[in-house]
Amino acid sequence: MKPRFTALKGVADVLPPETGLWRKIENTACLVMGAYGYEEIRPPVMEQTGLFLRSIGGSSDIVAKEMYTFTDKGERSVSLRPEGTASIVRAYVEHNLSSRPAPQKFFYSGPMFRYERPQKGRQRQFYQLGAECFGIADPGVDAEMIIMLMAFLDRLGLKGLSLELNSIGCKECRPAFRERLREFFAPRLGELCPDCQRRYEQNPLRILDCKVERCGEIRKGSPLISETLCQDCREHFTALLEFLDVMGTAYVFNPHMVRGLDYYTRTVFEVKGGACMGAQNAVAAGGRYDLLVSEFGGPETPAIGFAAGMERLAGLLQGEAVTPGPALFIASLGKEAAVEALKLASRLREGGTRVELGWGGFSLKSQLRRADKIGAGNVVIIGEDELKSGSFKWKNLKDGSSGEAGREDIFAQFSQAK
RNA sequence: GUGGGCGUAGCUCAAUUGGCAGAGCACUGGACUGUGGCUCCGGGGGUUGUGGGUUCAAGCCCCAUCGCCCACCCCA
C-alpha cells in the first residue's frame, strides 16, 4: 500500500514518544519563565505581509525569498509568520499594552514558516518558543533574560551549550561601523568569496561571520564593533557583562557575531549546541530591539527578546523520549468479564490511573503478551472463575509477584498507581 | 535558489555478469483449552519512489521526474 497523501516538503509530523519531549519542553518553559513573571501570549500565525517587511527588513532573505505569502479573498497580502517577535510587537502596540506597568513580559510557542530547503535542524514549518520583555532599557533586563534562558535550558538537562554575545550598537554608532568595515575590506574586495562581495554591498557586518576560510583570514585585524560603540552602547554592554559575571553565567564574547534580523540594536546573543546538531547548531538566539515598537506606531519603548528552536531542543533531548507503559492491564475472558473489566478500568481511570484493556476476545496468553509488550506494570485477570468467586488474580509483571484479591481490594491496590 | 548523496516489506538492509524479489527485526496467530519475557512453528504484508528507454529478460544499465538526507545561502 502506498500512501495516497504525504506531508509537504519541509513539514513533519511529530509523533509519540517525541511529543512527550515537546510537552516537557513547553511545560518547563512555562514553569521557569513563570517564575520570572512571563505570561503566555498567543498571536495569530498569519499577519499582513507589510508587518514583516517593516520589522525583519526588506533586504533580509527571510522577507526577500522565504515567506509564505498569498493574497486572500479580500485581495489582501497575507503572510504566514516567519518569526514571532513582529506579531508580539504588533499586539503590544495594537492593544496599548504600554499603558500597563512596565515591564510587560510575554512568552509564546508555536509554528513559524519559512520557504527554505530543509536540512538537519531546519524545516519549512518549524516551532519556536520565545519570550519578549517590553519597557525597560536597563542592561539588568538583558542579563535577566539571558539568565532566564540559561536557567530554562539547564532545567531541561541540556549540557555542553555555549552562550555567545555581542553588541551591534545603535542607530547612532552602527552606521559608522559599517563604513569602517567597508573601508577595511575595500582594498581586498576581490579576494573575498562571491557571497561576501555581495555582503559588502548589502550588509558588510555579515562578512564577519562568513564560514569561508579565506574570508576568515582576510578579516583578521578588521575593525571591531566593540571599538566603535558610542558611549551609551559601550556602558550598556559593559554593565550587562558585569551582571553576568556576578551571576556566574558563563559566556563567550564574540565580536564577530551578527544577527540576521534588521531590528536588533545593542545586545545580541546566541546559544549554540554540540557538534551532533549539524550546521544548524543554534538552539536559541535573541537580542534587544529598542526601535521596533515606535517603528510600529507605539511610544518609544525599549525591548528585548529571544527565540529557541523546538526541533533543535528536542533533538538534543533525543533518547529521553519514552512512553511509560500503563500501570495496569486488565485481561478478561468472555463478554461478562469484559464488562467487569471495563467497569473497574473506568473507576481507576477517573482517579488518573492509566489502564489498558485486553479487548478482542484473544486467548489469555496473547493478552498477557500484549500487556508485556506495551510495558504494563501489572495485570489483573478476570475470567469465569473470578466472576464466580468475586476474587481477581493480579500479577506484577516487573517483579513477578502475584496474588488474589476482591474487587474493592484490587481497586484500592491500583488506585494510587499512575 | 546552488551543490552532493540516497531511494527494495512498517524499520535496518541483502539479491553474483542483467536471469524465480529475500533475511533479520517489528506486527500477528499457534505450540501451551486460563498466565507475559525465552524457544520453536506459521501468517499478513512489495507495481523494487514514479514514468519512459535499451534487452529474450531490468531491483541492477540509460534518460527524465518526484521524494528524502546533507551542505551552501540564510537562519531558531
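Every chain is numbered from 1, with letters handed out A, B, ... down the list of sequences.
Put simply, the side chain of E386(A) and the base of G34(B) share a donor and an acceptor less than 3.5 Å apart. Between the side chain of R114(A) and the base of C74(B), no donor-acceptor pair under 3.5 Å is found.
Comparing G34(B), A71(B), A76(B) by their closest approach to the side chain of K120(A) singles out A71(B). Comparing C27(B), C73(B), C68(B) against the side chain of K9(A) picks out C68(B) as the nearest. Listed nucleotides: G37(B), C72(B), U28(B). Nearest to the side chain of D372(A): G37(B). Of the listed nucleotides (A71(B), G34(B), A76(B)), A76(B) has the atom at the smallest distance from the side chain of Q128(A). Across C72(B), G34(B), U35(B), the shortest atom-to-atom separation from the side chain of Q280(A) is found for C72(B). Nearest to the side-chain atoms of I381(A) among the listed nucleotides U35(B), C72(B), G36(B) stands U35(B). Closest to the side chain of L364(A), from the set A76(B), C27(B), G34(B), is G34(B). Distance from the side chain of S366(A) is smallest to G30(B) among C73(B), A71(B), G30(B). Residue R369(A) places its side chain closer to G37(B) than to any other of A71(B), A76(B), G37(B). Distances from the side chain of L368(A) to the nucleotides U35(B), A76(B), G3(B) place U35(B) closest.
The P atoms of G51(B) and A31(B) are separated by 44 Å, rounded to the nearest whole Å. Atom C1' of A76(B) sits at a distance of 43 Å from the matching atom of G52(B), rounded to the whole Å. When the P atom is compared between C40(B) and U50(B), the two are found 35 Å apart, to the nearest whole Å. Here, U65(B) and G22(B) have their P atoms 33 Å apart, quoted to the whole Å. Taking the P atom of each, C60(B) and C6(B) are spaced 15 Å apart, rounded to whole Å. Taking atom C1' in both U2(B) and G19(B), the straight-line distance is 42 Å, to the nearest Å. For C32(B) and G49(B), the P atoms lie 43 Å apart once the distance is rounded to whole Å. Remark: the separation of the P atoms in U8(B) and U54(B) is 26 Å, to the nearest Å.
Nearer to the 5' terminus of RNA chain B, by closest-nucleotide assignment, is the contact made by G10(A) (compared with the other of R198(A) and G10(A)). In terms of position along RNA chain B, the nucleotide closest to L8(A) lies nearer the 5' end than the nucleotide closest to the other residue of the pair L8(A) and E270(A).
Using a 4.0 Å heavy-atom cutoff across all strands shown, K365(A) reaches at least one base atom of the nucleic acid. As judged by a 4.0 angstrom heavy-atom cut-off over every strand, K393(A) is placed among the base-contacting residues. Residue contacts shown for R370(A) are absent, as no nucleic acid heavy atom lies under 4.0 Å away. When heavy atoms are screened at a 4.0 angstrom cut-off, A371(A) is found touching no nucleic acid atom at all. Nucleic acid contact for G121(A): base, since at least one base atom lies under 4.0 Å from a heavy atom of the residue. Using a 4.0 Å heavy-atom criterion, one finds that V379(A) contacts no nucleic acid atom at all.
OP1 or OP2 of C72(B) has at least one side-chain nitrogen or oxygen of Q119(A) nearer than 4.0 Å. An OP1 or OP2 oxygen of G30(B) is reached within less than 4.0 angstrom by a side-chain nitrogen or oxygen of S363(A).
The aromatic rings of F134(A) and Y92(A) sit parallel to each other, their planes meeting at less than 30°, with 60° as the upper class boundary.
Look at CG on N396(A): it is 19 Å from P on U35(B), rounded to the nearest Å. Straight-line distance from the CG atom of L153(A) to the P atom of A76(B): 15 Å, rounded to whole Å. Atoms CZ (F113(A)) and C1' (C75(B)) sit 16 Å apart, rounded to a whole Å. As a whole-Å value, the separation of M277(A) CE from C70(B) C1' is 15 Å. Atom NZ of K373(A) is separated from atom C1' of G37(B) by 10 Å (rounded to the nearest Å). Taking atom CZ on R206(A) and atom P on C73(B), their separation rounds to 10 Å, with Å as the unit. Remark: P of C69(B) and CD of E311(A) are 12 Å apart, rounded to the nearest angstrom. Distance, Q123(A) CD to G67(B) C1': 14 Å, rounded to whole Å.
In this structure G42(B) sits in a base pair with U28(B), meeting the Watson-Crick or G-U test at under 3.5 Å. Look at G67(B): its Watson-Crick or wobble partner, with both distances under 3.5 angstrom, is C6(B). Summarising the base pairing, A14(B) is matched to no nucleotide, lacking a Watson-Crick or G-U wobble pair whose two defining distances lie under 3.5 Å. For U35(B), there is no paired nucleotide, since no Watson-Crick or G-U wobble pair has both relevant distances below 3.5 Å. Here C72(B) sits opposite G1(B) as a Watson-Crick or G-U wobble pair (both hydrogen-bonding atom distances under 3.5 Å). Nucleotide C60(B) forms no Watson-Crick or G-U wobble pair with any nucleotide shown, as no partner meets the under 3.5 Å limit on both distances.
Checking H236(A) against D138(A) by side-chain atom types alone, no donor-acceptor pair falls below 3.5 Å. Of the N and O atoms on the side chains of T71(A) and S77(A), not one donor lies less than 3.5 Å from an acceptor on the other residue. Side chains of E132(A) and Y38(A): no donor on one and acceptor on the other come within 3.5 Å.
Ionic pairing of R188(A) and E191(A) is present here: one or more N-O contacts between side-chain nitrogen and carboxylate oxygen are shorter than 4.0 angstrom.
Remark: of the listed residues K65(A), R122(A), R124(A), K9(A), R122(A) is the sole one forming a salt bridge (Lys or Arg N to Asp or Glu O under 4.0 Å) with E116(A).
Atom CZ of R407(A) has 12 or fewer neighbouring heavy atoms from other residues, nucleotides or ligands inside a 6.0 Å radius.
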When you look at Y68(A) and Y115(A), which way does the ring pair (Phe, Tyr, Trp, His ring centres under 6.0 Å) test go after all the steps? CA-CA 6 Å; Y68(A) 277 90; Y115(A) 193 88; 5.6 Å; yes
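Closest non-hydrogen pair, C193(A) versus R199(A), comes out as SG-NH1, 4.4 Å.
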